[in-house]
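Below, chain A is the first sequence line, B the second, and so on; all start at residue 1.
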Protein chains: 2
Amino acid sequence: MSIDFAILGFLSWRPLAGYDLKKLIADSEFLPWSGNNNQVYTTLVKLHRDELVTVEVQHQESLPARKTYSITEKGRASLRTWIISAPDTPQLRNSFLCQLAWADALQTAELDDLVGKYEHEVEMRLLVCREKIRREPPAPNRTARETFLWKMVHDNCVRAYEAELSWARELRRELARLSKPSEAAP
Amino acid sequence: MSIDFAILGFLSWRPLAGYDLKKLIADSEFLPWSGNNNQVYTTLVKLHRDELVTVEVQHQESLPARKTYSITEKGRASLRTWIISAPDTPQLRNSFLCQLAWADALQTAELDDLVGKYEHEVEMRLLVCREKIRREPPAPNRTARETFLWKMVHDNCVRAYEAELSWARELRRELARLSKPSEAAP
DNA sequence: CAGATCATGTAACTGGTTACATGATTCA
DNA sequence: TGAATCATGTAACCAGTTACATGATCTG
């Protein structure tokens with residue numbers, strides 16, 4: 001998947017400028033892109049070239065011109081085709097697993113410290129996630145069903161971090177159990 | 001993180017050729033890389049240039065020469081530094097969430113079909129994951145702790161897909177509840 | 001005879017990132 | 001006075017993918 005449909009999605013909600021899209025993408029919890037200029041602005045040029053969006057330029061006094069993009073019928077059709085296309089499996093990439101795979105080179109205390117750091121990292125990420133969702137920028141709430149869908153999307157993010165956190169805690173507990181008996185020997 | 005440490009990790013276990021590493025990476029459940037030639041072979045050249053590994057060339061009759069790479073002390077130190085470095089948060093990228101966010105444009109049956117396809121996709125992925133783990137290529141089992149660490153790493157993958165699956169099922173159930181009452185009206 | 005396995009390597013491309021550049025306005 | 005907000009855009013780079021190229025040997 002590319003950022004194209006994330007942008008088309010927002011434009012299917014309402015007309016927006018590149019600057020707005022950039023912020024919406026950067027602030028979103030479930031969209032995996034940083035929302036950097038290069039990506040957003042060049043994608044908009046491409047979508048316009050392909051006639052999936054139209055532009056309207058508003059010249060403003062003492063501020064750069066604002067280009068408001070709107071989705072076209074062709075754009076709406078393209079978005080719809082993508083939405084009903086076969087979903088991909090979620091991509092899990094967790095570099096900590098790779099660290100852990102070779103972490104037997106560490107001493108007990110070092111390993112506990114490493115897992116502790118990961119636990120803390122995930123805790124922090126979960127807080128950020130919840131906070132981001134709490135004050136999510138205005139999102140479409142056109143129908144009860146749409147509100148529900150967005151709720152479930154956000155729920156997915158929270159649950160993923162929660163599952164990760166409980167795994168990390170279990171890992172730490174088990175590692176402590178593995179190392180303690182020998183220390184407690186008479 | 002880059003593939004460098006995944007390669008150094010395997011080499012910290014035992015000497016291997018690029019061809020072996022490529023397969024180990026491709027077959028691994030928790031390493032997120034495809035294990036394509038370009039990446040593996042060029043990384044090995046780089047690691048060698050940086051003196052993190054040494055090479056030994058075995059000329060074989062009627063087969064291309066085999067280059068066996070071994071980790072150096074410098075390589076082991078570099079790997080260790082990375083292992084104890086602050087872990088990153090796991091990266092979740094799920095394009096289905098983006099599809100779902102704009103799926104209110106679909107009709108009840110279409111939406112149910114979409115979520116059903118996702119559920120099936122995750123089910124299949126979970127099966128593949130379990131199967132891959134069941135016949136994982138020989139992995140280091142140097143200590144009981146290392147065996148435990150690898151078990152937990154694999155567990156992490158399985159649990160992530162299980163969590164995803166239960167989320168998808170709940171989503172589908174709730175969507176059915178949302179749409180049925182109106183249909184059941186007299 | 002086609003296709004997998006062994007074993008190396010390169011070319012072209014996509015997708016994404018950081019950082020730079022401009023320039024007015026508002027706020028602490 | 002320095003930083004943030006508004007608003008556009010480009011350059012250079014890194015990571016990763018597919019596909020190509022070679023060529024013997026083994027298996028169905």
Side-chain angles (χ1 to χ4, degrees), chain A residues 1-8 10-11 15-28 31-50 53 55-69 82 88-89 91-95 98 137, chain B residues 1-8 10-11 15-28 31-50 53 55-69 82 88-89 91-95 98 137:
Chain A
M1 179 215 172
S2 63
I3 202 175
D4 301 31
F5 295 107
I7 289 178
L8 276 183
F10 278 119
L11 294 179
L16 291 160
Y19 186 80
D20 304 320
L21 286 161
K22 180 178 133 82
K23 286 182 97 179
L24 284 167
I25 292 168
D27 293 348
S28 164
L31 298 176
W33 303 277
S34 70
N36 70 81
N37 289 359
N38 205 333
Q39 224 175 353
V40 174
Y41 289 114
T42 53
T43 300
L44 282 169
V45 168
K46 193 181 72 183
L47 293 176
H48 186 236
R49 200 227 308 127
D50 296 344
V53 299
V55 206
E56 204 191 334
V57 185
Q58 288 112 44
H59 290 282
Q60 306 175 104
E61 289 248 346
S62 72
L63 263 183
R66 187 185 155 89
K67 296 184 178 178
T68 303
Y69 291 87
W82 173 73
D88 276 345
T89 45
Q91 305 255 16
L92 314 169
R93 33 179 61 233
N94 188 347
S95 62
C98 192
Chain B
M1 178 211 176
S2 63
I3 202 174
D4 302 30
F5 295 108
I7 289 177
L8 275 183
F10 279 118
L11 293 179
L16 292 160
Y19 187 79
D20 304 321
L21 287 162
K22 179 178 133 84
K23 286 182 99 179
L24 284 167
I25 291 168
D27 292 349
S28 164
L31 298 176
W33 303 278
S34 70
N36 70 82
N37 289 359
N38 206 333
Q39 223 174 353
V40 174
Y41 290 113
T42 54
T43 300
L44 283 169
V45 169
K46 194 181 72 185
L47 292 177
H48 186 236
R49 199 224 313 126
D50 295 346
V53 300
V55 206
E56 204 191 332
V57 185
Q58 289 111 44
H59 289 282
Q60 307 175 105
E61 289 249 344
S62 73
L63 262 184
R66 188 183 153 89
K67 296 186 177 176
T68 303
Y69 291 88
W82 174 72
D88 276 344
T89 45
Q91 303 256 19
L92 314 169
R93 34 180 62 232
N94 188 345
S95 62
C98 192

Participant: May I have the distance from A:Arg93 (atom CZ) to C:dG15 (atom P), rounded to whole angstrom?
Facilitator: 15 Å
Participant: Within the pair B:Ser34 and D:dT17, is there a side-chain N or O less than 4.0 Å away from OP1 or OP2?
Facilitator: yes
Participant: Not counting sequence neighbours, which residues clear side-chain contact (heavy atoms from CB on, under 4.5 Å) with B:Val45? List them please.
Facilitator: none
Participant: Would you mind building the protein contact string for nucleotides 4-11 of chain C? One character per nucleotide, 5' to 3', B for base within reach (heavy atoms under 4.0 Å), S for sugar-phosphate only, - for untouched.
Facilitator: -SBBBBBB
Participant: If I take atom CD in residue A:Gln58 and atom C1' in nucleotide D:dC6, what distance separates them, rounded to the nearest angstrom?
Facilitator: 13 Å
Participant: Output all residues satisfying side chain to side chain donor-acceptor pair (under 3.5 Å) with A:Ser34, sequence neighbours left out; order by chain, then residue number.
Facilitator: A:Asn36
Participant: Mind checking whether A:Leu44 and A:Val55 have side chains closer than 4.5 Å, heavy atoms only?
Facilitator: no
Participant: If the condition is side-chain contact (heavy atoms from CB on, under 4.5 Å), which residues does A:Leu8 pass it with, not counting sequence neighbours?
Facilitator: A:Phe5, A:Leu47, A:Leu52, A:Val53, A:Ile71, A:Ser78, A:Leu79
Participant: How close or far is atom C1' of D:dT17 from atom CG of B:Leu31, stated in whole angstroms?
Facilitator: 17 Å
Participant: Would you say A:Gln39 places a side-chain N or O within less than 4.0 Å of OP1 or OP2 belonging to C:dT17?
Facilitator: yes
Participant: Taking salt bridge (Lys or Arg N to Asp or Glu O under 4.0 Å) as the cut-off, I'd like each qualifying pair that reaches into residues 37-46 of chain B, sequence neighbours left out, listed once.
Facilitator: B:Asp4-B:Lys46
Participant: Side chain to side chain donor-acceptor pair (under 3.5 Å) with A:Lys22: which residues, sequence neighbours excluded?
Facilitator: A:Asn37
Participant: List for me each residue that meets side chain to side chain donor-acceptor pair (under 3.5 Å) alongside A:Thr68, sequence neighbours excluded, and say none if there are none.
Facilitator: A:Gln58
Participant: Using five pairs at each end of the helix from C:dC1-D:dG28 to C:dA28-D:dT1 to define an axis, what is the angle between those two axes, to 10°?
Facilitator: 40°
Participant: Among residues at least two apart in sequence or on other chains, which ones pass side-chain contact (heavy atoms from CB on, under 4.5 Å) with B:Ala65?
Facilitator: B:Val57, B:His59
